[in-house]
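Atoms considered below: every heavy atom in the structure, side chains included; atoms not considered: hydrogens, waters and symmetry mates. Since the structure is predicted, the reported quantities are computational estimates derived from the model, not experimental observations.
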Amino acid sequence: MSSTGVESRAQAEPFYLTTAIDYTNGDPHFGHAYEKVTADAIARYQRLRGREVALVLGADEHSYNVARAAREAGLEPKAYCDRMAERFRATWDRLGITYTDFMQTSDPRHEAAVRTFVQRIYDNGHVYRSTYRGLYCRSCEAFYTERDLVDGRCPWHDEPVETVEEPNWFFRLSAFRDRLRQHLLDHPGFVEPESRRNEVLSLLQAGLEDLSISRAHQSWGVRVPWDESQVVYVWFDALITYVSAIGFGWDEARFRRLWPARLHLIGKDITRFHAVVWPAMLWAAGLALPEKVFVHGFWYCNGQRFSKSLGNVIDPHDLVAVYGRDGARHYLVAETPFGQDGNFTDESIRKRVTSDLANDLGNLLHRTTRMIERYRDGRVPDPGPGRAGETELARLAERVRDAYEAAMEELRLHDAVGEVMRLVRRANKAIDEWAPWALARDPAKAGELDRALYALAETLRLAALLLSPVLVDGSPEIWRQLGIAGEDPPPFRWEDAAWGRLAPGTAIRRGLPVYPRLDPATTRQLAPVRTQSGRPAEAAPAGGGAERPAAPADGAHVSYDDFARLDLRVGLVLAAEAVAGSEKLLRLRVKVGEEIRQIVAGIREQYRPEELPGRRVVVVANLAPRRIFGIESQGMLLAAEGGGRLALVVPERDVDDGSRVK
RNA sequence: GGCGGCGUAGCUCAGUUGGUCAGAGCAUGCGGUUCAUACCCGCAGUGUCGGUGGUUCGAAUCCACCCGCCGCUACCA
C-alpha cells in the first residue's frame, strides 16, 4: 500500500477539497476552526503525497443576516463583507490554514459564475415558474419559516409576519431522487460517515420536493439572469462557491483541472444541502459529482452547546494564544474520532497537549539530542551497514507509516496521529531498554550505542514528517534540531517516509524544548464550567459540609430534584383553532401568568376548539420548544389517557394562571 | 411512532468475517531509571463486555426480546 504502482496515477491527479463557507455576520469561532484545521491537515497530507492541492474556504454573504449586520455596523453590505472576510482570513492564517482560495459570494467572479450556473440549469429545462408561499416580514424584506419565528413574530423586529405569495423560480429537485438514490447505493463512500449516508437514504425514501431557488423583493444577492426582478436563493448561491472558487465561469482551464472535488467537508447541520441539493444541481448543470461529502461532528463545551448566551464561546485566537498553534491543531485532530462529536474542556486540551506533545514527543527529541551531544559529540552516529533496519523500532516505524497512510486516506485523522504517537511512546520505552548511558560506559558496546542513537533520531525524523500536516511549527523545528540539511522549512515528502534516510554524521542542533510543558498555574481557562445561569460555578466549599448529595436514582424512581426541574403551571386557554391539514392537532394560545404561549396539542379528537377558551389547563412551561406540523409549540398540556379517551388535567378550583403546580 | 446507531475498566474509547477478545490511552497506587521538559519506564488493578433467553463444542462478537442513550424523521402525551 505504501509506495508503488497505483501511486503514479494518484499523484498526477490534483486533490481539490472544500470546507463549508461561513456566514460572516459574526466572528469565527471554535466550530469553524475545527473544520478548517482538519481540512488543512488533509490538504497538507495530500501535498506530502506530492499531489497538487486546492483547498477552498469562503464566506457566505448573500444572506439577510449579513445585510442586517452590515446595516447595524453602518456599512454598505459589500464593505462590511470585505471587512469580515479579512477577520476570517486572519484567523485562518493564525491557525496555519494553507488555503489556496478564499471565495466571497459577493465577489464579482462568483456572481458571474452563479449566473452562468443557473442559466445553464434553466436552459437544460430544470427550472420552472411557480408560486412560493411563505411568511414574510416587511421590515426585514425577508421570508422566514415557522421555526424562525419567535412567538409567531419576526425574530428581529418583533412584528407579525404575513403569509405572502410570490412568483418564484423552482428547481426540479424531485426529478433527481431516483438517480441520487442509485448514486448513493453505487458509491458507499459518497456520504460519510455511514450513519449520515443512511440518513440521506431514508430522507430520499421519504421523497423530495422541488426547491424555490429565487426570491423577489430582495436586493442583496445575485440577480436571476432571465428575471432581473429576482435574486438567487442564498443556499443555491452559496453551494456554487465550490465551483466558482476554482474558476467555473472565469477560468475554465483551472476548473477543468480541479473539478470534480475529491472532498467536501461539512458540519452535520448542512448534510441535506450537500448530499441532496448540491448533487442534483450539478447534474442539472451537466457537471460531475464530487467524490465524497464528509460530515464532521460538532463540538460541545463541558457537555453543552457553545452559545453566546451561556458565555462559553471560544475564540480561536485564544486557543492559539494559550496552547500554541500546534497545541490547538493537535487537540482538534487527535482528541476525537473524525466524524464524531467532541467535547471541549480545559482539562482535556491541557492533558492532550501536555502528554502527547510535551512529555512524549518534545521530551523524546530533547533527550535524544542531548545524548547524541553527550555521547557522540553532537553527530548522528553511523548505525553500520545493513543494521539500521534490524531494530524493532525500525520495523515498527514502517508499520506505523503504513497504518498512518491507510488512516489518512480513509480520513481517520485521529487514528493516523494516534499511530505516530504509538511510535513515539515506543521510542521512549526503547531508551529505557537500551540504557544508552550504560552502553556509553562500555567501549565494547560502542556499536550498540551507535545503532540506538541512530534509531532514536531516525524515529524522530519520521514522526515529525508524518505529523507535519498537524504540527506545522514543531515538525520543521524537529528537523532543524536534528540538523537535517536543506530548505527551511523543509519540503516534507512522502518518499522520505522510509527508514534510514537520515544521514550519519549529521550535526544535530539541540535547542529549547519544542513543546514546553504548560504551567498549570498560568494557563488561562478558556471554558470554565458554568452553571445554567451562565455564571462560573462556585468552587466546592471547603470542608464539604454544604454539599448536597444526589438522591439515589434507581430505575424505578427519579429524585426529587429531577421532579423539581419541571416547571408546571396553570394556564388559561385564550384561543384554540384546528391546525390546517391535521386531524388531531389544535393550536392554542394559552396565558401563563405574564406570558402568552402558543401550544400545539393533539387533543382535537376529544375536544372541539370552541369549548376550550376560558378553561384552565396545566402546562409544562419549561419544555424545550418544538416544531409540530410546522408550528412552534412552546409547552405541553397535561392530559390523562386511558380507555382510548383523553382527559385534560385541570385545577379542581379556580387559581390564577401562572400558578405553580407541584 | 418510523428508520439508523450506540451501550466494553473511574473517564474516553479499540475490539474486521464467533475460538490468546477481555484490550489501549488518560486518571489512580506502588516500584525503577537518569539521557530528559518533576520527564520516561515497569507493575497492579478492578470490568457479570446494558439485561434476559437462544444458536454453537465455543459469543463482547450471531439471533430474539427487554432496558437505557443518541441521530434523522414524524399529526406529540
Side-chain angles (χ1 to χ4, degrees), chain A residues 193-207 268-269 271-272 275 295 297-298 334-337 340-343 345 347-348 350-352 354-376 412 414-415 418-419 421-422 424-440 449 452-453 456 510 512-520 555-556 578-587 599-606 618 620 623 626-631 633 635-642 646-649:
Chain A
E194 195 182 350
S195 55
R196 298 298 162 195
R197 173 171 168 263
N198 290 339
E199 284 175 12
V200 174
L201 278 168
S202 72
L203 210 100
L204 292 176
Q205 194 69 38
K268 58 188 183 180
D269 53 332
T271 305
R272 186 192 193 108
V295 184
F298 282 160
E335 183 69 7
T336 305
Q340 292 184 22
D341 290 342
N343 183 34
T345 65
E347 189 194 6
S348 69
R350 188 179 310 113
K351 266 188 206 162
R352 173 65 58 187
T354 300
S355 65
D356 285 359
L357 299 188
N359 295 351
D360 290 350
L361 179 61
N363 189 39
L364 177 65
L365 174 71
H366 201 240
R367 60 201 304 210
T368 297
T369 50
R370 195 61 223 280
M371 287 189 286
I372 290 173
E373 243 175 19
R374 182 179 284 202
Y375 304 132
R376 288 298 180 262
R412 290 180 287 112
H414 134 285
D415 282 339
E419 284 293 332
M421 291 315 304
R422 196 157 71 89
V424 168
R425 277 193 291 271
R426 186 63 189 82
N428 275 317
K429 181 175 170 177
I431 295 180
D432 266 41
E433 291 169 350
W434 293 331
W437 48 93
L439 297 177
L449 181 56
L453 295 179
L456 293 171
R510 186 170 67 86
L512 295 172
V514 251
Y515 297 111
R517 284 174 62 83
L518 303 165
D519 181 349
V579 173
S582 141
E583 289 172 8
K584 290 165 66 176
L585 295 179
L586 291 181
R587 172 182 190 157
I599 294 177
V600 177
I603 56 174
R604 184 169 162 197
E605 288 172 343
Q606 306 284 337
V618 177
V620 182
L623 190 67
R626 296 193 59 172
R627 197 169 51 100
I628 301 166
F629 220 60
I631 302 169
S633 180
M636 193 173 100
L637 300 189
L638 290 192
E641 184 182 24
L646 203 59
L648 284 173
V649 173

Polar atom pairs between nucleotides 2-12 of chain B and protein, under 3.5 Å, N or O only, would you list them?
residue, atom, partner, partner atom, Å
B/rG4, O2', A/Asn198, ND2, 3.3

Watson-Crick and G-U pairing of RNA chain B, under 3.5 Å, as dot-bracket with | and [ ]: (((((((..((((.....[...)))).(((((.......))))).....(((((..]....))))))))))))....
For A/Arg272, all residues meeting side chain to side chain donor-acceptor pair (under 3.5 Å), sequence neighbours excluded: none
Residues which pass side chain to side chain contact (heavy atoms under 4.5 Å, CB included) with A/Ala438, listed by chain and number, not counting sequence neighbours: A/Ala435, A/Arg441
Salt bridge (charged side-chain N to carboxylate O under 4.0 Å, His left out) partners of A/Arg197, counting only residues at least two apart: none
Set of salt bridge (charged side-chain N to carboxylate O under 4.0 Å, His left out) partners for A/Glu347, sequence neighbours left out: A/Lys351
Qualifying residues under side chain to side chain donor-acceptor pair (under 3.5 Å), relative to A/Asp341, sequence neighbours excluded: A/Lys268
Contacts of A/Asn363 that satisfy side chain to side chain donor-acceptor pair (under 3.5 Å) - sequence neighbours left out: none
Counterpart residues, salt bridge (charged side-chain N to carboxylate O under 4.0 Å, His left out), relative to A/Arg376 (two or more places apart): A/Asp450
Qualifying residues under side chain to side chain donor-acceptor pair (under 3.5 Å), relative to A/Asn359, sequence neighbours excluded: A/Arg517
A/Arg370: partners by salt bridge (charged side-chain N to carboxylate O under 4.0 Å, His left out), with sequence neighbours left out: A/Glu373
Within the sub-3.5 Å range, which N or O atoms of nucleotides 34-39 of chain B have a protein N or O partner, and how far apart are they?
residue, atom, partner, partner atom, Å
B/rC35, O2', A/Arg367, O, 3.4
B/rC35, O2, A/Arg367, NE, 2.9
B/rC35, N3, A/Arg367, NE, 3.3
B/rC35, N3, A/Arg367, NH2, 2.5
B/rC35, N4, A/Arg367, NH2, 3.0
B/rA36, OP1, A/Arg370, NH1, 2.9
B/rA36, O3', A/His366, ND1, 2.9
B/rA36, O2', A/Asn363, OD1, 2.4
B/rA36, O2', A/His366, ND1, 3.4
B/rA36, N1, A/Arg367, NH2, 3.2
B/rA36, N3, A/Asn363, ND2, 3.2
B/rA36, N3, A/Arg367, NE, 3.2
B/rU37, O2, A/Tyr515, O, 3.3
B/rU37, O2, A/Arg517, N, 2.9
B/rU37, N3, A/Tyr515, O, 2.7
B/rU37, O4, A/Gly362, O, 2.9
B/rU37, O4, A/Asn363, N, 3.2
B/rC39, OP1, A/Arg517, NE, 3.2
B/rC39, OP1, A/Arg517, NH1, 2.8
B/rC39, OP1, A/Arg517, NH2, 2.6
B/rC39, O2', A/Asn363, ND2, 2.0

